[in-house]
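One structure below.
From a predicted model like this one, the values you see are computed outputs, not experimental measurements.
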Amino acid sequence: MVLFGLSSMETLLLSFNELNGTLDDIPDPLSSFLYFIDLRSNSLNGHISKSFFDMTRLEVLWLGSNQFKGIVELSLLWKLRALDSLDLSNNMVSVIDVEDGYPIPYLHKITDLLLASCNLTKIPVALTYVSEMSNLDLSNNRIDGAIPSWIWVNWKDTISFLNLSNNMFTSLENSPSVIHVNSLQFLDLSSNKLHGSVPIPLTANTWVLLDYSKNSFSSIIPDFGCMLQTIDINSNRIEGKIPRSLSNCRSLEILDIGSNGIHDCFPYWLGKMSNLRILILRSNQFYGSIQGPTEFDANSKHFSGLQIIDLASNNFSGSLNSKWFDRLETMMTNSSGEGNALVIGKNIPGDNYYHESLTFKGIDLTFTKILSTFKMIDFSNNAFDGPIPESIGKLIALHGLNVSHNCFTGGIPSKLGELAQLESLDLSRNKFSGLIPQELATLTYLAVLNLSYNDLTGMIPQGPQFSLFASSSFKGNEELCGKPLSKQCNSSGTGNLNSSVSSKDSVGTILLFAFVGSGFGVGFAVALVLSVVWQAKRWNCSCFLFHR
């Protein structure tokens with residue numbers, strides 16, 4: 001880049017463009033006035049010139065998310081005494097730490113260090129001498145062993161963002177159950193090999209995100225107070241009950257405790273947390289009804305802020321009270337526009353959006369951004385029974401509804417036709433009966449429909465949207481007829497007799513005319529008797545088909 005030859009230039013801000021090529025050497029780095037370089041998220045390649053590490057005035061060097069390659073020695077970086085913020089993440093470089101016994105570098109100024117995906121095998125030794133680290137990202141490396149306790153000691157009052165995810169850490173040094181970090185906003189220890197009790201940070205911040213998913217934690221300490229915004233402990237080995245102390249987390253917006261071994265009844269007491277937006281309890285051993293005690297049935301505001309609730313693959317049972325859906329106020333209001341993405345917090349570098357793994361439209365998806373307008377209910381793979389309350393029609397902002405693999409009975413509520421935003425509807429493998437409501441054909445956004453393996457009857461509604469669904473959406477309902485099934489309906493809207501019955505009836509008709517042709521007297525009498533026999537058989541077969 002010839003830009004580096006401009007002797008008077010102080011800042012270079014060219015991030016998030018489509019720049020490619022290599023970086024040239026800086027002609028006279030010692031006399032350069034550059035103090036801020038931001039070239040993130042381009043397609044720059046080649047080696048990072050060592051002349052960058054001789055720029056005495058350089059405070060910010062952001063080269064993340066490019067295609068740089070080669071080896072970068074940390075000992076060169078530590079020479080930059082004015083350096084405050086460094087980002088080399090998500091390139092193809094290998095960062096090499098100094099050996100033990102190397103002279104202590106001059107590092108007191110650096111507060112932001114982002115070295116994600118840099119092939120690190122250990123936490124850089126020099127960081128033990130940094131006194132005021134604010135943002136540290138060492139994710140997607142190959143660091144193993146224990147997470148050192150000096151992180152919580154040295155940076156107790158300064159660390160706000162710490163990402164150690166996707167490494168091979170096995171434990172927390174000294175196994176602290178409570179971490180005292182006053183300024184913490186974001187702590188991501190996901191996708192490691194950590195075990196023991198989930199560490200709960202005590203912090204002065206009111207918005208804190210914890211992501212401890214995909215580890216081997218086995219318990220949560222029973223009593224704690226917290227100001228957490230997000231708790232994600234999905235895919236661990238946690239057993240027992242959910243500690244009631246979670247109700248102290250009044251700022252909690254997301255609780256994901258899916259894919260564990262939790263054996264408990266439905267935590268109705270979480271409903272009092274007015275900020276709770278996302279509740280994921282899937283793939284555990286929850287049991288019983290999802291109704292609460294008497295006060296839950298009153299006109300309370302339980303779960304009024306929920307926009308996503310996922311109870312799939314548990315042992316919940318019983319019928320759904322109509323008042324259950326009456327409380328989901330957030331799902332009753334259509335928001336204008338596309339909505340805003342839910343953010344983790346303020347002043348957090350990089351990707352600061354919530355992300356969740358959800359089953360939507362029959363596919364397991366990871367949502368990297370969750371819009372405030374997205375609403376979903378998943379009650380699949382349980383033992384719920386009884387009818388679906390008509391009150392579900394009030395949830396006009398719902399995008400996805402999955403109640404498959406349960407024991408629901410009765411008819412499909414026609415009120416589902418009022419869910420104008422619905423994109424995915426799965427009612428399969430239940431005991432629904434009766435006609436498919438014509439109102440479903442008016443759902444213009446419906447992209448996925450599964451009504452298979454129920455006891456539905458009659459003609460499949462016809463309409464522009466229904467013409468897009470394959471026969472698999474309706475299979476396993478023997479009394480359904482009409483497109484896209486091969487079984488066509490008769491004039492009364494029920495299915496024609498099957499081919500074997502129709503062929504027998506045809507044989508009877510042929511015999512009748514055969515006998516008539518051989519002689520009107522005897523022939524007619526014999527043919528008449530045979531015709532009566534064939535009609536009796538037809539009636540018996542019809543009763544078997546339609547009244548079994």
Side-chain angles (χ1 to χ4, degrees), residues 359-364 380-381 387-388 400-417 419-420 422-513 530-531 533-548:
T359 301
F360 184 59
K361 298 184 178 180
I363 305 173
D364 293 334
S380 63
N381 291 286
I388 297 287
L401 175 63
N402 187 350
V403 297
S404 64
H405 293 82
N406 279 284
C407 301
F408 287 112
T409 57
I412 296 175
S414 60
K415 292 290 186 179
L416 288 175
L419 308 185
L422 203 62
E423 300 177 37
S424 178
L425 176 62
D426 192 344
L427 308 181
S428 64
R429 296 189 181 273
N430 280 281
K431 299 179 180 179
F432 291 112
S433 58
L435 302 174
I436 300 174
Q438 182 65 37
E439 288 83 353
L440 295 187
T442 66
L443 298 175
T444 55
Y445 288 105
L446 194 63
V448 173
L449 175 68
N450 193 348
L451 304 179
S452 63
Y453 298 101
N454 281 284
D455 296 316
L456 301 171
T457 61
M459 179 183 292
I460 296 172
Q462 300 301 304
Q465 207 65 22
F466 265 59
S467 66
L468 303 176
F469 301 130
S471 59
S472 57
S473 294
F474 307 99
K475 66 180 180 181
N477 295 278
E478 298 300 327
E479 304 303 327
L480 277 182
C481 60
K483 294 180 180 180
L485 298 178
S486 58
K487 184 177 183 180
Q488 299 305 306
C489 302
N490 58 29
S491 59
S492 63
T494 58
N496 284 332
L497 297 178
N498 62 33
S499 57
S500 60
V501 175
S502 299
S503 63
K504 289 181 180 179
D505 187 54
S506 299
V507 172
T509 303
I510 293 170
L511 286 174
L512 173 62
F513 284 99
L530 288 175
S531 178
V533 171
W534 285 114
Q535 292 297 327
K537 288 184 176 181
R538 176 180 179 179
W539 183 86
N540 288 333
C541 191
S542 299
C543 289
F544 175 77
L545 283 174
F546 295 108
H547 302 284
R548 58 192 174 93

How long is the straight-line distance from CD1 of I460 back to NZ of K483, given to the nearest 0.5 Å?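 Separation between the atoms: 11.5 Å.
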To the nearest 0.5 Å, tell me how far H405 NE2 sits from S380 OG.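 Answer for the NE2-OG pair, H405 versus S380, is 8.0 Å.
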Tell me, do L416 and L401 make a side-chain contact under 4.5 Å, heavy atoms counted?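 Result yes, sub-4.5 Å side-chain heavy-atom pair found.
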Residues 451-459, side-chain donor-acceptor partners within the protein, below 3.5 Å, at least two apart:
residue: S452; atom: OG; partner: N450; partner atom: OD1; Å: 2.7
residue: N454; atom: OD1; partner: N430; partner atom: N; Å: 3.2
residue: N454; atom: OD1; partner: K431; partner atom: N; Å: 3.3
residue: N454; atom: OD1; partner: F432; partner atom: N; Å: 3.1
residue: N454; atom: ND2; partner: L427; partner atom: O; Å: 3.1
residue: N454; atom: ND2; partner: L451; partner atom: O; Å: 3.1
residue: N454; atom: ND2; partner: S452; partner atom: O; Å: 3.3

Does K487 use its side chain to pair, donor to acceptor, with the backbone of E479 at less than 3.5 Å?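 Absent.
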Please answer whether the main-chain N or O of F408 pairs with a side-chain N or O of N406 as donor and acceptor at a distance below 3.5 Å.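 Here the side-chain-to-backbone pair does not exist.
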Not counting sequence neighbours, which residues clear side chain to side chain contact (heavy atoms under 4.5 Å, CB included) with L443? List them please.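 If we apply the side chain to side chain contact (heavy atoms under 4.5 Å, CB included) test to L443, skipping adjacent residues, the hits are L422, L440, L446.
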Mind checking side chain to side chain contact (heavy atoms under 4.5 Å, CB included) for P461 and listing every partner two or more places apart, or none if nothing turns up?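 Expected list: I436, Q438, A441, F466.
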Of all heavy-atom pairs between G417 and T442, which one has the smallest distance, and what is that distance?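 Closest approach of G417 to T442, heavy atoms only: O-OG1, 3.8 Å.
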State, to 0.1 Å, how close Y445 and A420 come at their nearest heavy-atom pair, and which atoms those are.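 Residues Y445 and A420, closest heavy atoms: CD1-O, 3.2 Å.
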